[in-house]
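Just below is one structure, and these are the notes that go with it.
So that the names make sense, note that chain A is the first sequence line, chain B the second, and so on, each numbered from 1.
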Amino acid sequence: MGEGRAAGEEWARPEGGSGAAGEGRAALDAGEEWARAENVRELNIARWGLVPFWAKDVSIGARLINARVETAHEKPAFRRAFALHRCIVPADGYYEWQAAGGGSKQPHFIRPADGGVLAMAGLYAVWRSPDAAGGRLLSCTILTTEATDDVGRIHDRMPMLVEPERFAAWLDPDLTDPEEVRSLLVPAAEGRLESYPVSTAVNKVANNGPELVRPLPQMGTSSVSPLTLF
DNA sequence: CCAGACGTTGTT
DNA sequence: GTCTGG
DNA sequence: CCAGACGTTGTT
DNA sequence: GTCTGG
């Protein structure tokens with residue numbers, strides 16, 4: 001997924017009671033502690049860009065905004081979260097840029113065709129931070145997958161979606177086997193999403209607001225002056 | 001052993 | 001061109 | 001993804 | 001924290 005100026009909330013499910021499996025059994029994972037204390041489903045605000053608990057500073061998050069579903073279970077930066085710290089990131093939709101002529105890009109807004117809310121598969125981390133409120137910083141990343149045919153014309157990658165019937169399993173902290181977790185993630189149904197071109201105002205991150213998701217007034221080909229070709 | 005990365009997208 | 005920040 | 005910087009000394 | 005590369 002190229003980018004989303006998606007809804008900022010994260011629907012997280014902390015890890016459950018059993019001891020941490022795999023690496024770093026004795027590790028000081030702030031996430032474990034937090035999860036044990038609050039072993040309930042929660043709605044939280046999280047910073048976009050995963051900051052693993054072992055990170056020395058938050059800057060690493062800028063490079064960890066997306067995680068490939070094909071490899072997240074084995075990547076050092078993601079595998080722990082994949083097993084233990086899964087979340088759902090709700091969004092009205094996401095943006096993707098389609099290569100146009102002459103190196104230009106046309107942004108599109110992609111959203112559920114049924115008018116609903118997207119449930120994007122995410123991973124979260126809890127990072128001990130002296131600066132953050134409560135001494136911890138919540139961060140998250142979005143899993144990406146190969147785009148389905150309907151939106152694949154715009155871009156070849158898309159966020160991994162979680163179907164409602166799989167919410168419980170996806171958020172289940174006792175489900176830690178990577179293969180089992182992977183099996184929960186199925187391709188979005190064809191026709192699940194719709195898209196339309198939007199203003200390039202979305203290109204500038206300082207811009208934000210409802211105008212970004214407004215459909216671009218479609219100029220019929222016939223109304224384009226020949227002069228615009230030059 | 002220590003140092004450095006730990007990631008994806010897309011573009012050349 | 002490449003890296004960082006948003 | 002796009003936009004914007006690409007630098008140091010020393011001070012708020 | 002853990003892995004890879006030097």
Nearest-angstrom distance, P atom, dG1(C) to dG7(B) = 27 Å
Can you find a side chain N or O atom of Thr71(A) that sits less than 4.0 Å from OP1 or OP2 on dT8(B)?
-> yes
Could you give the CZ-to-C1' distance, from Phe78(A) to dG1(E), as a whole number of Å?
-> 16 Å
Whole-Å distance, Arg79(A) CZ to dG1(E) P, equals 13 Å
Side-chain N or O of Lys204(A) less than 4.0 angstrom from OP1 or OP2 on dG6(C)?
-> no
Where the side chain of Asn66(A) is defined as all heavy atoms beyond and including C-beta, which of dT8(B), dC2(D), dC3(E) is the nearest nucleotide?
-> dT8(B)
Within the pair Thr141(A) and dG7(B), is there a side-chain N or O less than 4.0 Å away from OP1 or OP2?
-> no
On a whole-Å scale, what distance lies between the P atoms belonging to dT12(B) and dA3(D)?
-> 15 Å
For the residue pair Trp170(A) and Phe82(A), does the interplanar ring angle fall in the parallel (under 30°), tilted (30 to 60°) or perpendicular (over 60°) class?
-> perpendicular
In whole Å, what is the span from the NZ atom of Lys75(A) to the P atom of dC3(E)?
-> 14 Å
Taking Gln98(A) for its side chain and Arg153(A) for its backbone only, find out whether a donor-acceptor pair lies under 3.5 Å.
-> yes
With both pairing distances under 3.5 angstrom for Watson-Crick or G-U wobble, and | for a partner in another strand, the correct string for DNA chain C is ||||||
With respect to the side chain of Val205(A), which nucleotide from dC1(D), dG7(B), dG6(C) is positioned closest?
-> dG6(C)
Check every atom of dG7(B), dT2(E), dT9(B) against the side chain of Arg68(A) and return the nucleotide holding the closest atom.
-> dT9(B)
Atom pair distance, as rounded to whole Å: CD in Glu74(A) and P in dT2(E) = 17 Å
Flag, side chain of Gln106(A) to backbone of Val198(A), donor-acceptor distance under 3.5 Å = yes
Span that lies between the C1' atom of dT2(C) and that of dT9(B), in whole angstrom = 15 Å
Has the side chain of Thr141(A) got a donor or acceptor atom that lies under 3.5 Å from a matching backbone atom of Ile65(A)?
-> yes
Out of dT9(B), dC2(D), dC6(B), minimum distance to the side chain of Arg157(A) belongs to dT9(B)
Length of the line joining Ile154(A):CD1 and dC1(D):P, which is rounded to integer Å = 16 Å
In whole angstrom, give the distance that lies between atom CE of Met158(A) and atom C1' of dC1(D).
-> 17 Å
Quick one: does Thr148(A)'s side chain have a donor or acceptor within less than 3.5 Å of a partner on Glu190(A)'s backbone?
-> no
Provide the distance between the two C1' atoms, one in dC1(D) and one in dT11(B), to the nearest whole Å.
-> 13 Å
Donor-acceptor contact below 3.5 Å, side chain Arg79(A) vs main chain Ala72(A) | no
Can you tell me how far P in dG5(C) sits from the matching atom in dT8(D), rounded to whole Å?
-> 15 Å
Ion pair check, Arg182(A) and Glu179(A), cut-off under 4.0 Å | yes
Qualifying residues under salt bridge (charged side-chain N to carboxylate O under 4.0 Å, His left out), relative to Arg68(A), sequence neighbours excluded | Glu70(A)
Remember a base hit wins even if backbone is also touched, and classify Arg63(A) as base, sugar-phosphate or nothing at under 4.0 Å, heavy atoms.
-> base
For atom CG of Leu50(A) and atom C1' of dT8(B), their distance in whole Å = 13 Å
When rounded to whole Å, the OH to C1' distance for the pair Tyr95(A) and dT9(B) reads 19 Å
Given the C1' atoms of dG6(C) and dA5(B), what is the spacing between them in whole Å?
-> 23 Å
For the side chain of Ile60(A), starting at C-beta, report the closest nucleotide among dG1(E), dC6(B), dC1(D).
-> dC6(B)
